[in-house]
Amino acid sequence: MFKFILFFFISLLFPTKNALADVKYRKKSITYLKMVFPQGVRKLSDNVDFLTGFDLDSFLEKKVREAVEMPRFDYNPVGVSGSVDLKTLASLVKQYVDEVKVDRAKAEAKMDWRFKDLVITAEDIKKIAESAYIYYPEITNFSVTVVFLPSTRKSGGVDTSISVNIGLRVHYWRVDFNTGEPIKVADLSVSHIETVKVGLIDIVPLPFPFSLLSPTVEVPETSLQAFVRCSEQAIYWLSRKLNKETRKIPDFSLFAPVDSVSFQNAFAPLTKKDGVYVDSDFEVVEEVEVVRDGNLQREKKRVGWVRARDVADGKENVLSSFQILSGSASVGQAIYEYPLLGIGLSPLGVYVLGKNAFGFSLLANISFSRAFSLALSEFYLFAGPEIVLPTDGAELSGILGLKKKFYIRSVGINPELSFGFMRFATEIKDQGIAYPAYNYSLGLRPALGLEWFFSPRFSVYIIGGYKIFTPIDEVYYEYEGYEKTAVKNYNPSGFSISAGFDFTIW
């Protein structure tokens with residue numbers, strides 16, 4: 001009895017870790033085969049290079065590699081294209097591995113290895129043989145569309161829009177050294193469409209279609225320059241999507257045991273060297289025993305969410321801090337990466353006090369730290385339209401703002417500041433006839449929000465603020481072919497309350 005009591009107290013003081021506590025991803029080597037381009041894309045790229053000096057092939061391959069190749073792995077590029085017959089390549093690697101077992105010096109002394117129509121250096125064969133995986137990207141689509149529309153600018157003429165549509169598939173393989181067969185690990189497919197207007201550059205680099213909500217500045221620009229700009233933006237957002245999808249592959253996903261917990265922070269041995277950045281999301285997982293078909297099995301169960309705050313450099317400090325946003329985290333559990341790009345939508349209902357006016361807004365939210373790789377914890381850019389219907393007209397506004405989130409567990413306090421350009425539309429009666437009339441107003445709105453966090457993809461919040469807009473003293477309308485003005489004392493300023501939810505799309 002005494003031994004049992006002693007064991008019980010020791011177990012309380014020194015709890016045993018479950019299997020997850022000793023688990024951490026292991027760094028792997030990956031061989032890169034050159035990107036595969038369809039003939040049509042090659043031709044387009046050659047024409048672009050000839051006309052602009054812009055090497056589209058090299059730029060695309062560079063950006064894709066930057067997106068795919070993460071610091072958590074070692075990458076070994078070889079001088080072989082992804083269009084090679086992988087079965088032949090795998091057989092050649094197995095032949096090399098078998099010869100190395102017999103005589104390493106002789107196998108490595110060969111200037112090149114030949115198998116059927118494939119010629120590859122011994123150094124490249126060695127890289128592939130020592131890698132856990134092989135990958136190569138393939139461009140599946142690259143199309144360009146030019147659209148001409150009547151210009152809405154004062155200068156008149158036409159507005160030229162250029163749209164670039166890129167499709168990409170990344171293939172991951174490994175070689176079975178026993179059989180010499182290639183085994184598929186994963187195929188990732190991503191695509192992105194980007195549209196720009198010639199001579200109009202977005203102030204905020206939002207992805208299409210959110211870029212339609214961004215204010216622009218007019219600059220002198222040729223159609224070819226706009227095409228290069230559009231291609232660069234499309235490839236940038238394509239690479240961001242690809243990076244997120246790559247981190248979803250189980251073999252490549254980051255995970256580590258929870259080392260310690262203090263108040264609302266958990267600490268784990270994942271650092272900048274592993275590719276963790278500020279605001280990276282992780283789910284907290286523990287192993288539980290369940291009965292399946294009469295058999296006792298161990299399964300992983302999510303018990304909470306954490307978000308990276310203070311990321312260690314991996315040199316002097318190897319423990320990063322992760323704030324617990326919901327659920328729990330404790331020693332003996334593990335955290336698993338939940339990759340998101342940090343781009344979402346916020347539908348909001350709006351009520352303006354004093355005017356008894358209701359409205360609606362649809363805002364695009366973009367995380368600075370996740371979408372733009374900036375170490376600005378919980379800073380967000382938001383932009384979008386808002387419509388309010390007061391009793392004597394309608395307010396249609398374009399909004400651009402910044403907000404900062406401060407979390408206490410699942411509750412976030414969010415101060416924000418937004419700027420708006422508002423078009424006020426109403427009716428004016430002249431000679432007994434009602435004419436549509438309008439005017440414009442500029443302003444800003446400081447506000448404070450309260451958010452309830454449920455998951456990295458979904459939260460609900462309410463926001464209160466005060467709109468400070470320039471008053472409208474008169475409105476304009478067209479009467480018998482010419483413009484007239486009418487006195488209209490309208491003040492858009494006032495307190496407003498918004499409520500809605502935030503859903504992260506990417």
Side-chain angles (χ1 to χ4, degrees), residues 19-20 22-36 61 64-101 104 107-108 113 115 118 120-138 168-190 239 242-257 268-276 282 300 314 318 334-339:
L20 288 175
D22 299 317
V23 171
K24 187 177 185 296
Y25 85 101
R26 297 289 180 260
K27 196 165 188 176
K28 304 177 180 70
S29 293
I30 301 178
T31 292
Y32 169 73
L33 306 184
K34 292 181 179 180
M35 180 179 284
V36 177
E61 188 158 9
V64 169
R65 287 192 63 185
E66 287 176 357
V68 175
E69 298 184 2
M70 295 174 282
R72 66 191 69 170
F73 302 113
D74 293 321
Y75 290 91
N76 306 309
V78 296
V80 181
S81 171
S83 60
V84 70
D85 180 1
L86 288 177
K87 186 175 179 67
T88 300
L89 180 62
S91 299
L92 188 58
V93 172
K94 182 181 185 303
Q95 179 185 342
Y96 169 84
V97 171
D98 291 342
E99 290 200 22
V100 164
K101 293 177 182 177
R104 172 177 292 273
E108 294 182 351
W113 282 73
F115 191 89
L118 179 64
I120 185 171
T121 66
E123 183 62 29
D124 284 346
I125 285 288
K126 183 179 179 182
K127 287 181 180 180
I128 298 173
E130 294 177 350
S131 295
Y133 302 97
I134 302 170
Y135 94 92
Y136 70 92
E138 176 188 8
L168 177 71
R169 184 176 293 117
V170 181
H171 307 269
Y172 286 94
W173 297 78
R174 66 180 180 85
V175 176
D176 187 330
F177 295 113
N178 294 320
T179 64
E181 293 290 326
I183 300 175
K184 181 179 291 188
V185 176
D187 278 342
L188 299 181
S189 294
V190 292
S239 67
L242 179 60
N243 181 272
K244 176 180 72 74
E245 294 301 319
T246 302
R247 290 182 284 125
K248 285 184 178 180
I249 300 175
D251 286 0
F252 303 159
S253 182
L254 285 178
F255 54 92
L270 293 173
T271 69
K272 292 179 180 178
K273 288 186 175 181
D274 301 317
V276 178
F282 288 77
K300 295 182 177 65
V318 295
I335 61 173
Y336 280 72
E337 187 175 28
Y338 190 82

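Quick note: numbers below take in every heavy atom, side chains included, and nothing from hydrogens, waters or symmetry partners.
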Check your understanding: More than 12 non-hydrogen atoms from neighbouring residues, nucleotides or ligands closer than 6.0 Å to NZ on K244, yes or no?
Key -> yes
Practice item. Please examine the side chains of I249 and L188, heavy atoms only from C-beta on, and report whether any two atoms are closer than 4.5 Å. Key: yes
Review point. How many angstroms lie between atom OH of Y75 and atom NZ of K28, to the nearest 0.5 angstrom?
Key: 10.5 Å
**Study point:** Close side-chain approach of V276 to T271, heavy-atom, < 4.5 Å
**Key:** no
Review point. If every non-hydrogen atom of A268 is compared with every non-hydrogen atom of I335, which pair is closest and at what distance?
Key: CB-CD1, 3.6 Å
Point to revise | Non-neighbouring partners of Y172 that pass side chain to side chain donor-acceptor pair (under 3.5 Å), sequence neighbours left out | key: none
Point to revise | Set of side chain to side chain donor-acceptor pair (under 3.5 Å) partners for S189, sequence neighbours left out | key: R169
Exercise for review: With sequence neighbours excluded, tell me which residues meet salt bridge (Lys or Arg N to Asp or Glu O under 4.0 Å) with K248.
Suggested key: E245
Exercise for review: Please examine the side chains of W173 and Y136, heavy atoms only from C-beta on, and report whether any two atoms are closer than 4.5 Å.
Suggested key: yes
Practice item. Taking side chain to side chain donor-acceptor pair (under 3.5 Å) as the test, write out the residues that go with E69, two or more places apart. Key: R65, Y135
Point to revise | Atom pair CE (M35) and CD (E61), whose distance is rounded to the nearest 0.5 Å | key: 5.0 Å
Review point. Side-chain contact, heavy-atom cut-off 4.5 Å: L270 with F282?
Key: yes
Practice item. Identify the two heavy atoms, one from S81 and one from V36, that lie closest to each other, and give their separation to 0.1 Å. Key: OG-CG2, 4.3 Å
Point to revise | Heavy-atom side-chain contact between S131 and I30 under 4.5 Å | key: no
Check your understanding: Say you draw a straight line from CG of L92 to CD1 of I125; how long is it, rounded to the nearest 0.5 Å?
Key -> 3.5 Å
Review point. How far apart are the closest heavy atoms of P269 and P257, and which atoms are they?
Key: CD-O, 3.3 Å
Practice item. Quick one: list whatever passes side chain to side chain donor-acceptor pair (under 3.5 Å) with D187, sequence neighbours left out. Key: H171, K184
Review point. Does the separation of the ring centres of Y133 and F252 fall below 6.0 angstrom?
Key: yes
**Study point:** CA sep, side-chain torsions, deciding dist, call: E181, K87, side chain to side chain contact (heavy atoms under 4.5 Å, CB included)
**Key:** CA-CA 6 Å; E181 293 290 326; K87 186 175 179 67; 2.6 Å; yes
Point to revise | Where D124 and G79 come nearest, the two heavy atoms and their spacing | key: OD2-N, 3.2 Å
Check your understanding: Any sub-3.5 Å donor-acceptor pair from N76's side-chain atoms to S29's backbone N or O?
Key -> no
Check your understanding: Side chains of T31 and V80: does their closest heavy-atom pair fall under 4.5 Å?
Key -> no
Exercise for review: Let me see the working for I128 and L89 under side chain to side chain contact (heavy atoms under 4.5 Å, CB included), right down to the final yes or no.
Suggested key: CA-CA 9 Å; I128 298 173; L89 180 62; 3.9 Å; yes
Point to revise | Pairing residues for K94 by the salt bridge (Lys or Arg N to Asp or Glu O under 4.0 Å) criterion, not counting sequence neighbours | key: D98
Check your understanding: Would a 4.5 Å heavy-atom cut-off, applied to side chains only, mark L242 and L168 as touching?
Key -> yes
